[in-house]
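Each remark here refers to the structure printed beneath this line.
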There are 2 protein chains.
Amino acid sequence: MRWDSLEQEQCSVARTVAVIGDRWSLLILRDCFLRVRRFEEFQSRLGVTRHILADRLKKLVRFGVLRRAPYQVNPTRHEYILTQKGLDLYPVVMAIVHWGDTHMVDERGRPLLHEHKRCGKMFDPVLVCSECGEPIVAKEVHVHAGPGAAEGAAEGLAAREAARAK
Amino acid sequence: MRWDSLEQEQCSVARTVAVIGDRWSLLILRDCFLRVRRFEEFQSRLGVTRHILADRLKKLVRFGVLRRAPYQVNPTRHEYILTQKGLDLYPVVMAIVHWGDTHMVDERGRPLLHEHKRCGKMFDPVLVCSECGEPIVAKEVHVHAGPGAAEGAAEGLAAREAARAK
DNA sequence: TTCAATGGTTCTATTTAGGAACCTTTTGGT
DNA sequence: ACCAAAAGGTTCCTAAATAGAACCATTGAA
């Protein structure tokens, strides 16, 4: 499967993976949320080759996750800044951080702590239901075909649910 | 950077990316949460080559995200089932789905809807603070070095914060 | 005049992925 | 007894992506 066919899939995961589903894009985004903005700083922090960094930054700009803004002229220099679409990836990044903190840390413990300025406390991110506010676990979620579902998708889901139930 | 050096980084994002940071692993996980369990079914749904699928399933088992359980003998056949560590990736997958639903859908709308069995309503996932329960946005979070921080990491953060403030 | 800083691009060698064929075990049909 | 099919891979060869290093352009400072 080509990368460019990924973004044409009907699945929201596949389309998001087309944007952030490679090794470097997610690490670049992590750094963006840590206020990194310039080519050289990404490059030295990440250890990625300049070639690939240039390519990924272009891709993130093309998808509207970052915008390239000049911060000086003579010579013109740009920095890469999160758009609102990019800022909206924060839950994804935080969910990844939290899973890593929970399941992948070594004996020294987590590398970063997060303070919620609003309440002043160190926190963990929790995913809750927009309707009832309770934390969401996989087993309490039921999937339905939506308006953009592919033909046959609903049937496939139903068949698998039935098979599992019997 | 090799994949195997990624999982040795001190950053939780980098370590998580070592597990799920490629095109296929995330799509395999999506299917796991849709109750897909068998090699052939992953293969036909994803369109991934059998070679790569075998490799990714092995990797996910090695990291403890999936376990390989026999479901018949003569001949022995296995299926791949999410462990608790794997189930804990649900917030990551849901955050990705939600971002895709918000920013990457075409005119037909989102492909799947999610019902929270507990409250019976269709919902969106929301990331909230574990301490005060308010939704988390990037600008209201302040980062501190944790016990597992690399030498110099705190200084780097402080320098960037200072540069941004002036 | 030459150097350094920033932000890239270009080159080749390696690694990874894609595509197709093949293998193994066992059941089921003829 | 023989052949095909199903499930779950493995092996092979080719194509694409990545790493690593060198190079280029613009400008200001020494």
Side-chain angles (χ1 to χ4, degrees), chain A residues 1-9 14 17-28 31-32 36-62 66-81 160 163, chain B residues 1-9 14 17-28 31-32 35-62 66-81 159-160 163:
Chain A
M1 190 188 279
R2 273 303 82 56
W3 277 105
D4 51 350
S5 69
L6 249 191
E7 54 189 284
Q8 321 239 28
E9 291 246 335
V17 165
V19 183
I20 59 163
D22 71 282
R23 189 172 0 189
W24 294 116
S25 297
L26 269 169
L27 295 174
I28 289 168
D31 276 5
C32 289
V36 174
R37 294 184 167 170
R38 299 191 185 169
F39 192 92
E40 294 294 322
E41 195 174 7
F42 286 115
Q43 208 267 317
S44 67
R45 285 174 52 90
L46 296 173
V48 61
T49 64
R50 309 170 72 76
H51 185 114
I52 296 301
L53 176 59
D55 183 78
R56 291 301 184 277
L57 288 172
K58 253 180 227 155
K59 188 184 75 167
L60 291 170
V61 169
R62 179 161 52 80
L66 299 179
R67 70 194 159 85
R68 190 162 177 270
Y71 68 89
Q72 72 167 41
V73 287
N74 292 336
T76 311
R77 295 282 181 257
H78 298 87
E79 50 190 9
Y80 296 89
I81 302 181
R160 201 155 35 253
Chain B
M1 192 189 276
R2 276 298 86 56
W3 278 106
D4 50 350
S5 67
L6 251 191
E7 55 188 283
Q8 321 238 29
E9 291 247 335
V17 165
V19 182
I20 60 164
D22 71 283
R23 189 171 3 191
W24 294 117
S25 297
L26 269 170
L27 294 173
I28 289 168
D31 276 6
C32 289
R35 336 284 193 196
V36 174
R37 293 184 166 167
R38 298 188 186 172
F39 192 93
E40 294 294 324
E41 196 175 7
F42 285 114
Q43 209 267 315
S44 65
R45 285 174 52 90
L46 296 175
V48 60
T49 63
R50 310 170 73 75
H51 186 113
I52 297 300
L53 176 59
D55 183 78
R56 292 301 184 276
L57 289 172
K58 253 180 225 152
K59 189 184 74 167
L60 291 170
V61 169
R62 179 160 53 79
L66 300 179
R67 68 195 159 84
R68 191 164 176 269
Y71 68 90
Q72 71 166 42
V73 288
N74 290 337
T76 310
R77 295 281 182 259
H78 298 87
E79 51 191 8
Y80 295 89
I81 302 180
R160 203 155 30 254

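First the proteins, then the strands, lettered A, B, ... as listed; each starts at 1. Quantities reported herein were computed from a predicted structural model and do not represent experimental measurements.
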With a 3.5 Å cut-off and no angle check, do the side chains of B:R68 and B:Y80 form a donor-acceptor pair? yes
I want to confirm an ordering. Mapping A:H51 and A:H78 to their closest nucleotides on DNA chain C, which one lands closer to the 5' end?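 With A:H51 and A:H78 compared, the 5'-side residue is A:H78.
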Please tell me which of the listed nucleotides, [options], lies nearest to the side chain of [X]?
X	options	answer
B:R56	D:dA22, D:dG8, C:dA17	C:dA17
B:Y80	D:dT27, D:dG9, C:dG8	D:dG9
A:N74	D:dG28, D:dG8, D:dA19	D:dG28
B:R50	C:dT6, D:dT27, D:dG9	D:dG9
B:A54	D:dA7, C:dG8, D:dG9	D:dG9
A:R77	D:dG8, C:dG18, D:dT26	D:dT26
A:Y71	D:dG28, C:dG7, C:dT25	C:dG7

In this structure, how many angstroms lie between the C1' atom of C:dT15 and the CG atom of B:D22, rounded?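 So the CG-C1' distance, B:D22 to C:dT15, works out to 14 Å.
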Taking atom P of C:dT15 as reference, at what distance in whole Å does atom CG of B:D55 sit?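 That distance rounds to 15 Å.
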[X] side chain N/O closer than 4.0 Å to the phosphate oxygens (OP1, OP2) of [N]?
X	N	result
B:K59	C:dT16	no
A:R68	C:dG8	yes
A:W24	D:dA19	yes
A:K58	C:dG7	no

